[in-house]
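Here is the structure we will look at, set down as structure tokens.
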Number of protein chains: 2
Amino acid sequence: MTRTVLESKTKTVVIGFDEPFCVIGERINPTGRKKLAAELEQGDFSTVEKDAREQVACGAMVLDVNSGAVFTNKMAEDPRYADNNFVEPPLMRELVTRIQGIVDVPLCIDSSVPGALQNGLEAAEGRPLLNSVTGEEERMELVLPLVKKYNVPVVAISNDDTGISEDPDVRFAVAKKIVERASDFGIPAHDIVVDPLVMPVGAMGSAGQQVFALVRRLREELGVNTTCGASNISFGLPQRHGINGAFLPMAIQAGMTSAIMNPVRMQEMEAIRAANFLMNHDPNGSEWIAFTRIMDAVAAGKTFAEASSDAIAAGSSRRAGGRTGGRRSRG
Amino acid sequence: MTRTVLESKTKTVVIGFDEPFCVIGERINPTGRKKLAAELEQGDFSTVEKDAREQVACGAMVLDVNSGAVFTNKMAEDPRYADNNFVEPPLMRELVTRIQGIVDVPLCIDSSVPGALQNGLEAAEGRPLLNSVTGEEERMELVLPLVKKYNVPVVAISNDDTGISEDPDVRFAVAKKIVERASDFGIPAHDIVVDPLVMPVGAMGSAGQQVFALVRRLREELGVNTTCGASNISFGLPQRHGINGAFLPMAIQAGMTSAIMNPVRMQEMEAIRAANFLMNHDPNGSEWIAFTRIMDAVAAGKTFAEASSDAIAAGSSRRAGGRTGGRRSRG
């Protein structure tokens, strides 16, 4: 049974075929979040800290930390800021240090810039996930040595120098190539988490079927864990949370073991909690039952983030009273 | 590709591997609905007619018609009413006649009483589904000749004279036995829709996994379509629609092709519409997009049944204007 082990300072999270689905929170990402990028440019980390706390409260087991900010004002004053190789490495170090100062979950170090990956790996306590390598030759030669040196697992995205293929067989072949190349570096398959690439079903009707078939093949033929940017499936569609909320259980049933996604959405998290139960990864349904109390609180008017945070606070006070064990409630 | 063909007076519904999931509305069933049974005892069919219209509006493609009423008052006056063989046959005829008088979808004739099955088959226009045969010897000898005589498909439930096994291999073997026995009667496998029996996941943690594995085996090894009483999975649990809403897409992804369920619940129908799209059984997402308008109307305050009925009425008036084809909107 393939197990990808991640660690924070004190916690271990296992991505695996026999584990609850691993939710990797995607919110700490200034790419496409202009307001967040502007805050980071001014050294304001309040949104990052809020996002870290909220995502963990809502059920994120790992937090993705993306340093892809564009510092528009600084760029105008100092041309070095036009280069992400200049901006991202110190920003990644700062983000990682601050986030692990307030939440105790493994991190996913996410950047296109090798210096940022390196700094993130240096700053992270425990065993973070590296995001990402692709099948591009240059990228493999840059990233795989880091993976080996720091002995961390890595997300492998199924595109290569020819781009993203619409043919799932080609995407499978790219994943296989990365796993083989990693093996040349001494990196085992259980430390590769393949993203088979999710296309929008609105643009390609076979997008869902492609993912389900690829996940099964990746698991059976390569023995690897899988992840995806889950919300891509519903890109451009109305009521996309309804699509996401069906896609996630279907992908889980097909064997997907993690996703990079927004955990501060009840519909998706409800689907995942229910799917964990239905996959027999929630003994006695205790996680489901704890989650239904949050659903009840949302029905009574709270936001999902508020209700989730309250549930954690209540759990902590119960634990302080000695009534439960040491395991952190993710409810 | 296995195709189970059902017909009403003018409409054809195909249950099949390459078809949208077939929703069989379960509401017309006096078993456990005391108020409905009391109405039927008084010859009042208003709830039945409302349930028929609402279920079809909400997306039922087939209506289950169960005649299992207990007529408490009549029983006190006339002991013959204590016998379901006396009560159900005329009731089934009346139910079928009335229902097909107001909605034009194939029916599923559902009774434990052979005389009621026979009367339902006689009264039904088109090609109804018979519900059900089991692996019990007596039941097979009673029901399979009717299936052959009327040339209809049949639901085959995976229990036998030893009861319902908790072992999925035994349930598979029972299904296989029924398919083989049916073959002896000249009934083809594509006219058998197997119900592998869904256990409550709250009582048996492996219940979901059992169903997913069984559905795949039934499809691959016996080539049959499948159905289930979907809501059994969540029996006894809080927020059970959340469990149902994940179970249905997972079962569909595993290959389940129909379910007997309550279609007057938006969460479950939303999950099925999304799953159809993700299985590439909703070209261009047009059914999904039509459904999101109903979701919008529900968000604005309508009930799901009202919003669904309004959507059909709007579709009819559009069709009257000559703007769309002859296919009935199930939106």
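Since this is a predicted model, take the numbers as computed values, not measurements. Reminder, nothing fancy here: chain letters follow the sequence lines and each chain counts from 1.
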Tell me which donor-acceptor pairs, judged by distance alone and kept under 3.5 Å, run between chain B and chain A, one pair per line.
residue, atom, partner, partner atom, Å
B/Gln209, NE2, A/Met279, O, 3.4
B/Arg216, NH2, A/Gln253, OE1, 3.2
B/Pro238, O, A/Trp288, NE1, 3.1
B/Gln239, NE2, A/Asp296, OD1, 2.8
B/Gln253, OE1, A/Arg216, NH2, 3.2
B/Gln267, NE2, A/Glu270, OE2, 2.8
B/Glu270, OE2, A/Gln267, NE2, 2.8
B/Met279, O, A/Gln209, NE2, 3.4
B/Trp288, NE1, A/Pro238, O, 3.1
B/Asp296, OD1, A/Gln239, NE2, 2.8

key: Residues A/Phe17, A/Met279; criterion side-chain contact (heavy atoms from CB on, under 4.5 Å); working and verdict   = CA-CA 10 Å; A/Phe17 299 169; A/Met279 293 294 283; over 6 Å; no
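- B/Ala271 is linked by a side chain to side chain contact (heavy atoms under 4.5 Å, CB included) to B/Pro249, counting only residues two or more places apart in sequence or in another chain.
- A search for side chain to side chain contact (heavy atoms under 4.5 Å, CB included) contacts involving A/Ala189 returns A/Val179, A/Val224, not counting sequence neighbours.
- The closest side-chain heavy-atom distance from B/Met269 to B/Ile294 is not below 4.5 Å.
- B/Leu218 approaches B/Ala175 most closely through the heavy-atom pair CD2-CB, 3.7 Å.
- To the nearest 0.5 angstrom, B/Phe247 atom CZ is 11.0 Å from B/Met261 atom CE.
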query = Do A/Val13 and A/Cys22 pass the side-chain contact (heavy atoms from CB on, under 4.5 Å) test, and can you show the C-alpha distance, the side-chain angles, and the key distance before you say yes or no?
reply = CA-CA 8 Å; A/Val13 168; A/Cys22 181; 4.0 Å; yes
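- Residue with the most contacts toward chain A among B/Gly285, B/Ala275, B/Ala251, B/Ala299: B/Ala275 (heavy-atom pairs, distance under 4.5 Å).
- Of the two parts of B/Leu237, only the side chain, counted from C-beta on, holds a non-hydrogen atom closer than 4.5 Å to a non-hydrogen atom of chain A.
- At a 4.5 Å heavy-atom cutoff, B/Ile272 makes no contact with chain A through either its backbone or its side chain.
- Contacts between residues 196-203 of chain B and chain A, defined by a heavy-atom separation under 4.5 Å, are made by B/Val201, B/Gly202.
- In terms of heavy-atom proximity, A/Ile312 sits nearest to A/Ala57 at CD1-CA, 3.6 Å.
- In this structure, CZ in A/Phe212 is found 5.0 Å from CG in B/Leu278, a value given to the nearest 0.5 Å.
- The candidate from B/Gly208, B/Gly242, B/Ala207 with the greatest count of non-hydrogen atom pairs under 4.5 Å with chain A is B/Gly242.
- A/Met266 approaches A/Phe291 most closely through the heavy-atom pair CG-CZ, 4.0 Å.
- One distance of note links CZ of A/Phe235 with CD1 of A/Ile243; it measures 14.5 Å at 0.5 Å rounding.
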